[in-house]
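Got a structure for you, questions after.
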Amino acid sequence: MTRIPPLSKDQIAHELKLAFFDHVDTYKSPITNTKATLAHSQLAFDVYMQWYPLYESVQNILGRRMAYLFAYAIAEASNSVVCSMIFRKNIIDGGEEPEHLKLNSEEKLLLDFGSAIARFHGNIPDKLYRWVSVFYSDEEMVVLTAFAGQMMATAVFNNVVQTDLDEYLIPYLPFNIVF
């Protein structure tokens, strides 16, 4: 059960309603329980919605599939059901099984990098960083690392607030998660 209830449309300040409409229009993304909870603070909403342009940069670097797999690896390692299910949905809708991904060595290394960032709070081994940085420029490594941090921040927010899982994500829950 959520600790802070999401605001309904009639509870949201006019300025934030405009930001909601703009967000939905720009990113074709629904107002989720996370976003409606962030609506308690315009500043918090604005800051967390910067995830979207950062994710677009990650997609430009990695491609669509690897971007959502990278996000999934970080979300899973952050123990965030809400964040994990968003990307689990992408994986399943993309025709794959999250538990049986077909990855080449570079893709596996990238997912290990994202997972390690979350699992070890950014304190990853030099060896892992060097291996991944062979494939990406310094600018790309900054984007990937910043995105991992933003994913972790979103996971922390959802975990602390205990954001309820959006109904549209419930069918994507794995059988081993009791909800």
Side-chain angles (χ1 to χ4, degrees), residues 2 4-96 98 101 107 110-111 113-115 117-118 136 139-173:
T2 189
I4 301 173
L7 294 178
S8 67
K9 290 179 184 174
D10 31 319
Q11 293 175 301
I12 298 169
H14 178 69
E15 299 79 29
L16 193 52
K17 280 184 185 174
L18 296 176
F20 271 25
F21 291 133
D22 183 53
H23 174 79
V24 170
D25 186 50
T26 301
Y27 297 106
K28 310 301 182 233
S29 178
I31 298 302
T32 61
N33 288 335
T34 300
K35 295 169 193 170
T37 303
L38 285 165
H40 285 275
S41 165
Q42 175 82 48
L43 179 59
F45 178 82
D46 292 343
V47 167
Y48 275 80
M49 292 310 99
Q50 289 305 300
W51 180 94
Y52 285 86
L54 196 53
Y55 185 62
E56 286 179 345
S57 291
V58 171
Q59 286 182 334
N60 290 336
I61 295 166
L62 302 178
R64 184 175 180 274
R65 175 181 179 262
M66 284 311 299
Y68 65 66
L69 291 178
F70 185 61
Y72 180 70
I74 298 162
E76 280 285 296
S78 298
N79 296 314
S80 173
V81 173
V82 171
C83 293
S84 294
M85 289 310 103
I86 290 167
F87 297 103
R88 185 177 170 81
K89 176 186 183 311
N90 288 38
I91 294 167
I92 293 168
D93 289 354
E96 295 184 83
L101 296 170
E107 293 168 338
L110 178 67
L111 300 189
F113 175 67
S115 180
I117 291 171
Y136 305 100
E139 179 183 353
E140 291 170 331
M141 289 300 290
V142 166
V143 170
L144 295 173
T145 303
F147 177 74
Q150 186 66 38
M151 276 298 308
M152 291 169 60
T154 304
V156 166
F157 178 82
N158 282 312
N159 289 346
V160 170
V161 174
Q162 295 182 354
T163 304
D164 289 334
L165 188 65
D166 295 278
E167 283 192 36
Y168 77 96
L169 295 173
I170 292 173
Y172 297 92
L173 283 166

- [ ] Kindly indicate whether the side chain of E107, heavy atoms from C-beta on, has any atom under 4.5 Å from the side chain of L69.
- [x]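 Sidechains of L69 and E107: no contact.
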
- [ ] Over all heavy atoms of both residues, which pair between A39 and F20 is shortest? Give the atoms and the distance, please.
- [x]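 Distance-wise, the nearest heavy atoms are CB-CZ, 3.7 Å.
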
Task: Which atom of A71 lies closest to which atom of Y55, heavy atoms considered - done: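 Shortest heavy-atom contact: CB-CE1, 4.4 Å.
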
Open item on the list: Using a 6.0 Å cut-off, check whether atom NZ of K9 has over 12 heavy atoms from anything other than its own residue.
Closed with: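 No - once you tally the heavy atoms of other residues, nucleotides and ligands closer than 6.0 Å, there are 12 at most.
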
- [ ] Could you grab the distance from atom CH2 of W51 to atom CD of E56, nearest 0.5 Å is fine?
- [x]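 Atom-to-atom, W51:CH2 and E56:CD are 9.5 Å apart.
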
Open item on the list: Contact between S78 and V156 at the side-chain level, heavy atoms closer than 4.5 Å - yes or no?
Closed with: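 Of all side-chain heavy-atom pairs linking V156 with S78, none is under 4.5 Å.
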
- [ ] Report yes if the side chains of F157 and L38 come closer than 4.5 Å at any heavy-atom pair, otherwise no.
- [x]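 Yes, close enough: below the 4.5 Å cut-off.
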
Task: Distance-minimising heavy-atom pair for H40 and L7 - done: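 Heavy-atom minimum between the residues: CE1-CD2, 3.3 Å.
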
Open item on the list: Assess the residue pair R65 and N90 against the criterion (side-chain contact (heavy atoms from CB on, under 4.5 Å)); give the C-alpha distance rounded to whole Å, side-chain angles, the decisive distance to 0.1 Å, and a yes or no.
Closed with: CA-CA 8 Å; R65 175 181 179 262; N90 288 38; over 6 Å; no

Task: Test item: side-chain donor near acceptor, D46 and Q42, under 3.5 Å - done: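 Q42 and D46 do have a side-chain donor-acceptor pair below 3.5 Å.
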
- [ ] May I ask you to test the M151-C83 pair for a side-chain heavy-atom distance under 4.5 Å?
- [x]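 A side-chain contact exists here, since the closest heavy-atom pair is under 4.5 Å.
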
- [ ] Any chance you could measure L144, atom CG, to F70, atom CZ, to the nearest 0.5 Å?
- [x]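 Taking CG in L144 and CZ in F70, the distance rounds to 5.0 Å.
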
TODO: Report the distance from atom CD of Q150 to atom CD1 of I74, rounding to the nearest 0.5 Å.
DONE: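 Atom-to-atom, Q150:CD and I74:CD1 are 11.0 Å apart.
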
Task: Derivation of the side-chain contact (heavy atoms from CB on, under 4.5 Å) call for F113 and T145 - done: CA-CA 9 Å; F113 175 67; T145 303; 3.9 Å; yes

- [ ] Determine the minimum heavy-atom distance between A67 and V58, stating which atoms define it.
- [x]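 Scanning both residues completely, I find the closest heavy atoms to be CB-CG1, 3.8 Å.
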
Task: OG1-NZ distance between T163 and K35, expressed to the nearest 0.5 angstrom - done: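 Atom-to-atom, T163:OG1 and K35:NZ are 12.5 Å apart.
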
Open item on the list: Check whether D22 reaches the backbone of L18 with its side chain - one donor and one acceptor, N or O, closer than 3.5 Å.
Closed with: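 Side chain of D22 to backbone of L18: no pair is present.
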
Task: Beyond-backbone contact of L169 with L173, side-chain heavy atoms, under 4.5 angstrom - done: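 No; the side chains remain at least 4.5 Å from each other.
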
Task: Least distance between heavy atoms, Y168 atom then P30 atom - done: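 In this case the closest contact between Y168 and P30 is OH-CG, 4.3 Å.
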
Open item on the list: Return the OG to OH distance between S57 and Y52, rounded to the nearest 0.5 Å.
Closed with: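 These two atoms lie 15.0 Å from each other.
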
Open item on the list: Can you confirm whether V143 sits close enough to N60 that some side-chain heavy atom of one is under 4.5 Å from a side-chain heavy atom of the other?
Closed with: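 V143 vs N60: side chains apart.
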
Open item on the list: For a quick test of reading the model, state the closest non-hydrogen atom pair linking Y68 to G94 and the distance between them.
Closed with: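 Residues Y68 and G94, closest heavy atoms: OH-CA, 4.1 Å.
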
- [ ] List the steps and the verdict of side-chain contact (heavy atoms from CB on, under 4.5 Å) for N33 and L165.
- [x] CA-CA 7 Å; N33 288 335; L165 188 65; over 6 Å; no

Task: Non-hydrogen side-chain atoms of D166 and M85 separated by less than 4.5 Å - done: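 No, too far: nothing below the 4.5 Å cut-off.
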
TODO: For residues Y172 and D93, determine if any side-chain heavy atom of one lies less than 4.5 Å from a side-chain heavy atom of the other.
DONE: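 Side-chain contact under 4.5 Å: yes.
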
- [ ] Drop me the distance from M141's CE to I61's CD1, to the nearest 0.5 angstrom.
- [x]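 The CD1 atom of I61 is 10.0 Å from CE of M141, to the nearest 0.5 Å.
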
- [ ] Just do the side-chain contact (heavy atoms from CB on, under 4.5 Å) check on S115 and E76 with the steps written out, would you?
- [x] CA-CA 8 Å; S115 180; E76 280 285 296; over 6 Å; no

